[in-house]
Amino acid sequence: MIQITLPDNSVREFAEPVTGLEIARSISNRLAKDVLSVSVDGEIWDLTRKIDHDAKIKLHTWDDREGKEAFWHSSAHLMAEAIEQLFPGTKFGIGPTVDAGFYYDISLPGEKQLAEKDLEKIEQKMIELARQKNDIVREEISKKEAMQLFNSKGDEFKQELISELEDGTITLYKHGTFTDLCRGPHIPNTGYIKAIKLTSIAGAYWRGDEKNPMLTRVYGITFPKQKMLTEYLEMLEEAKKRDHRKIGKEMELFAFSEAVGQGLPLWLPKGAQLRMLLEDFLKKVQKKYGYDQVITPHIGDVNLYKTSGHYDKYGKDSFQPITTPAEGEEYLLKPMNCPHHCEIYKVKPHSYKDLPVRMAEFGTVYRYEQSGELHGLTRVRGFTQDDAHIFCRPDQLKDEFKKVIDIIFIIFKALSFEDYTAQISLRDPKTPEKYIGNPENWDKAEQAIIEACEEKGLKTVTETGEAAFYGPKLDFMIKDALGRSWQLGTIQVDYNLPERFNLEYIGSDDNRHKPVMIHRAPFGSMERFVAVLIEHTAGKFPLWLAAEQAVVLPISEKYNDYAQKVSDFLNISDIRTVVDDRNEKIGRKIRDNELKRIPYLLIVGEKEAESETVSVRRQGEGDKGVMELSEFAELLTNEVRNQLSGLYN
RNA sequence: GCCGGAGUAGCUCAGGGGUAGAGCGCAUCCUUGGUAAGGAUGAGGUCACGAGUUCAAUUCUCGUCUUCGGCUCCA
């Protein structure tokens with residue numbers, strides 16, 4: 001008797017070894033149709049593999065990551081089969097799954113290059129092969145046999161992979177005419193794959209090392225239903241519409257100019273307005289939390305960055321030093337603000353009573369990012385960090401950390417960022433050489449972060465080995481409406497710079513002590529934050545951030561004067577208002593201004609002019625009825641105040 | 001930086017060895033209108049830049065720059 005325990009702890013008994021598929025069938029036919037893979041005592045198996053011992057299992061369908069992975073992994077094999085049939089002699093690297101789909105790294109025979117046109121041919125072939133419903137069969141093989149097999153195929157990539165595997169653990173998967181070295185698991189047969197889209201071709205170095213030959217990487221995605229592919233493609237279209245590069249151009253927020261240089265954003269008036277509103281908001285919050293605003297230059301003596309250690313780390317990847325008429329004098333565009341802030345700390349001696357010192361600056365930094373890495377506003381060569389450094393006593397660390405978390409909460413609330421994850425990055429104790437500072441301090445800092453998060457009720461994920469070389473950190477990742485994850489805010493503990501800059505305070509014991517530094521940037525950088533904000537809101541910013549909060553639309557030119565009066569009144573009431581006095585019909589003005597994403601449209605004609613009112617329309621929501629001017633102003637003021645309540649409470 | 005696409009009007013894009021087209025936007029005029037596109041006329045382009053092939057290049061070839069998708073690197 002074999003006892004199979006299901007996730008709900010119910011137990012099913014089978015007289016003989018049983019496959020995942022058979023178990024699913026014993027539960028329901030529907031499940032048998034949907035199931036893609038099975039976990040057996042935590043290990044993911046093929047559905048067709050016999051379970052010959054008592055086990056805890058879980059059946060995975062398309063709704064589970066494990067199910068999708070088996071499906072896409074099999075799809076990668078199917079693609080490889082199609083490519084091998086179309087281009088005999090192709091060598092194969094690796095073909096794993098990714099977040100959305102899969103890829104396979106291949107090396108085509110001779111000088112053959114794959115072009116976009118070829119993708120369609122491969123898709124066709126894949127569909128043809130999928131329809132054959134070939135069983136995907138697992139086979140255990142000795143290392144020697146495996147080597148011989150791929151040697152006969154002349155595939156040095158697979159041989160390299162095999163050479164690193166242990167004998168007795170090597171498995172092959174076969175279907176149709178194709179055999180691959182693979183750990184699995186796979187779906188039972190290729191017929192499950194109904195809809196196929198190969199999405200792109202890219203170059204990729206073998207094993208991710210630029211010293212190795214470059215392979216051709218083919219990306220694709222597949223689905224068990226045609227309809228799912230259609231929906232996926234529609235979702236991609238939706239994502240394109242939200243792209244901050246597109247919206248930024250459309251709304252005239254920012255631009256790039258070849259004449260100025262790659263990766264150097266130009267903030268247009270409306271983008272600058274948006275950015276300044278964000279900065280002013282954060283400045284107010286920071287003031288409330290006891291920060292002092294400072295200002296430092298854009299360049300600094302190269303020795304400053306040698307002291308800080310940034311020269312070693314960024315020097316070769318950065319803009320080259322600026323020389324001066326003086327012999328041997330060199331300056332660097334600053335890659336970081338912290339060295340300057342350390343020097344500010346050193347301007348005068350500090351008593352333990354002065355701490356914490358909190359220094360904030362919207363500091364613009366320059367880093368020579370690789371040209372291929374530049375991307376809209378999310379990765380640029382000159383950007384402004386909403387940087388601040390907190391110099392505190394070790395006993396203040398946790399408290400200060402908690403206060404920074406509070407600031408981040410206020411910001412997230414003001415921008416309705418609800419779906420975020422917080423990641424604690426700790427050092428990897430196995431590689432102490434990667435980190436500087438003594439382990440005792442590291443322990444204290446890591447503990448302080450963990451406790452601060454707990455006390456703030458922050459749900460976190462912990463990643464070991466992801467810490468910066470100088471200290472552990474807490475990062476905030478925001479998911480946009482399409483589920484893509486972006487890293488924004490960061491809080492980092494640093495014992496390194498106080499050491500390097502020899503920072504001190506006089507303790508109550510009259511001795512000199514080293515302060516602890518916290519680096520923090522709730523937005524991360526203004527550029528990236530605005531990019532994410534654009535994608536999150538699709539350009540429909542919350543009222544408090546809209547460059548134009550209301551637009552007055554006169555029904556005809558006869559009411560332009562009244563419209564101007566309305567606009568003047570609202571502007572005096574601190575509501576950013578403009579007038580659309582173009583010679584157009586009201587329907588046209590409504591359409592154009594809706595598309596400009598202005599939150600409130602105020603229609604004024606004969607009735608409104610007589611009664612000193614406005615007819616209010618909310619962007620995306622339509623007619624809201626007629627209101628007194630003062631009533632409308634109050635409505636907006638309250639809405640803004642409500643959005644910024646974190647600041648005022 | 002590497003691999004592969006792309007660069008035509010302000011924007012989105014079509015075209016193609018004989019010096020260019022659409023829609024939107026813009027300008028002027030008509031229209032003076034009540035909740036998502038009123039009408040007419042017109043102005044805009046060294047077809048990214050440089051070289052080569054050719055009687056002739058925006059079109060073909062090469063290089064450069066920029067940009068897009070990846071890779072690598074990285075806050």
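Here the structure is a predicted model, which means the values were calculated and not measured. Numbered from 1 within each chain, the chains take letters A, B, ... in sequence-line order.
In the set B:G69, B:U31, B:G34, B:G69 carries the atom at the smallest distance from any side-chain atom of A:Ala202. Proximity note for A:Ala204 (side chain, C-beta onward) versus B:U32, B:U72, B:C71: the nearest is B:C71. In this structure, the nucleotide among B:U35, B:C2, B:A36 sitting nearest to the side chain of A:Tyr205 is B:C2.
The separation between A:Leu198 atom CG and B:G69 atom P is 19 Å, rounded to whole Å. Between A:Leu601 atom CG and B:G34 atom P there is a gap of 17 Å when expressed in whole angstrom units. Counting to the nearest Å, the P atom of B:U66 and the CZ atom of A:Phe256 are 13 Å from each other. Look at CD1 on A:Ile201: it is 8 Å from P on B:G5, rounded to the nearest Å. Distance CZ (A:Arg591) to P (B:C24): 11 Å, rounded to an integer number of Å. Per the geometry, CD1 belonging to A:Ile598 stands 16 Å off P belonging to B:A36, to the nearest Å. For the pair A:Tyr104 OH and B:C71 C1', the computed distance is 18 Å after rounding to whole Å. Summarising the geometry, the separation between CG on A:Asp592 and P on B:G33 is reported as 19 Å, rounded to the nearest angstrom.
An anti base is found at B:G15: its glycosidic angle is more than 90° from 0.
Remark: A:Tyr219 is in phosphate contact with B:C71, judged by side-chain N or O atoms under 4.0 Å from OP1 or OP2. Within the structure, a side-chain polar atom (N or O) of A:Lys558 is placed less than 4.0 Å from OP1 or OP2 of B:G33. For the pair A:His375 and B:G69, the criterion of a side-chain N or O lying under 4.0 Å from OP1 or OP2 is met. OP1 or OP2 of B:G70 has not a single side-chain nitrogen or oxygen of A:Ser200 nearer than 4.0 Å. Not one side-chain nitrogen or oxygen of A:Arg588 sits closer than 4.0 Å to the OP1 or OP2 atom of B:A36.
For A:Glu361 and A:Lys334, the salt-bridge test passes: some basic side-chain N is under 4.0 Å from an acidic carboxylate O. The pair A:Glu400-A:Arg358 meets the salt-bridge criterion, with a side-chain N (NZ, NE, NH1 or NH2) lying under 4.0 Å from an Asp/Glu carboxylate O. Between A:Glu466 and A:Lys473 no salt bridge is recorded (no basic side-chain N to carboxylate O distance below 4.0 Å). We find that A:Lys91 and A:Asp155 are not joined by a salt bridge, their nearest charged nitrogen and carboxylate oxygen being 4.0 Å or further apart. A salt bridge links A:Lys240 with A:Glu237: the distance from a Lys NZ or Arg NE/NH1/NH2 to an Asp or Glu carboxylate oxygen falls below 4.0 Å.
Residue A:Glu584 is in base contact, counting any heavy-atom pair closer than 4.0 Å across all strands shown. Note on A:Glu258: only backbone sugar-phosphate atoms sit closer than 4.0 angstrom, heavy atoms only; bases stay farther off. At the heavy-atom level, A:Gly587 lies under 4.0 Å from the strands shown only through sugar-phosphate atoms. Across all strands, A:Gln619 comes closer than 4.0 Å to no nucleic acid atom at all (heavy-atom distances). Within the 4.0 angstrom heavy-atom criterion, base atoms lie near A:Ile555. Residue contacts for A:Tyr103: at a heavy-atom cut-off of 4.0 Å it reaches no nucleic acid atom on any strand shown. Here A:Ser525 lies out of heavy-atom contact (under 4.0 Å) with every strand. Nucleic acid contact class of A:Arg617 (heavy atoms, under 4.0 Å, all strands): base. Here A:Arg245 lies in heavy-atom contact (under 4.0 Å) with sugar-phosphate atoms only. Nucleic acid contact for A:Gln262: sugar-phosphate only, since backbone atoms but no base atoms lie under 4.0 Å from a heavy atom of the residue.
Applying the Watson-Crick and G-U wobble criteria (two distances, each under 3.5 Å), B:C60 pairs with B:G52. Checking B:C2 for Watson-Crick or G-U wobble geometry (two distances, each under 3.5 Å) identifies B:G70 as its partner. Base pairing of B:C29 is made with B:G39, judged by Watson-Crick or G-U wobble geometry with both donor-acceptor distances under 3.5 Å.
Each of A:Gln492 and A:Lys249 was matched to the nucleotide of RNA chain B holding its nearest heavy atom; the match closer to the 5' end belongs to A:Lys249. Positionally, the nearest nucleotide of RNA chain B for A:Val616 lies more toward the 5' end than for the other of A:Glu373 and A:Val616.
With 3.5 Å as the limit, one finds a donor-acceptor pair spanning the side chains of A:Arg618 and A:Tyr600.
Under the 3.5 Å distance criterion, the side-chain polar atoms of A:Gln423 are left unmatched by any main-chain donor or acceptor of A:Asp475. A donor-acceptor contact shorter than 3.5 Å links the side chain of A:Glu594 to the backbone of A:Gly620.
Remark: the A:Glu606 side chain and the B:G33 base include no donor-acceptor N/O pair separated by less than 3.5 Å. Below the 3.5 angstrom threshold, one finds a donor paired with an acceptor across the side chain of A:Glu557 and the base of B:U32.
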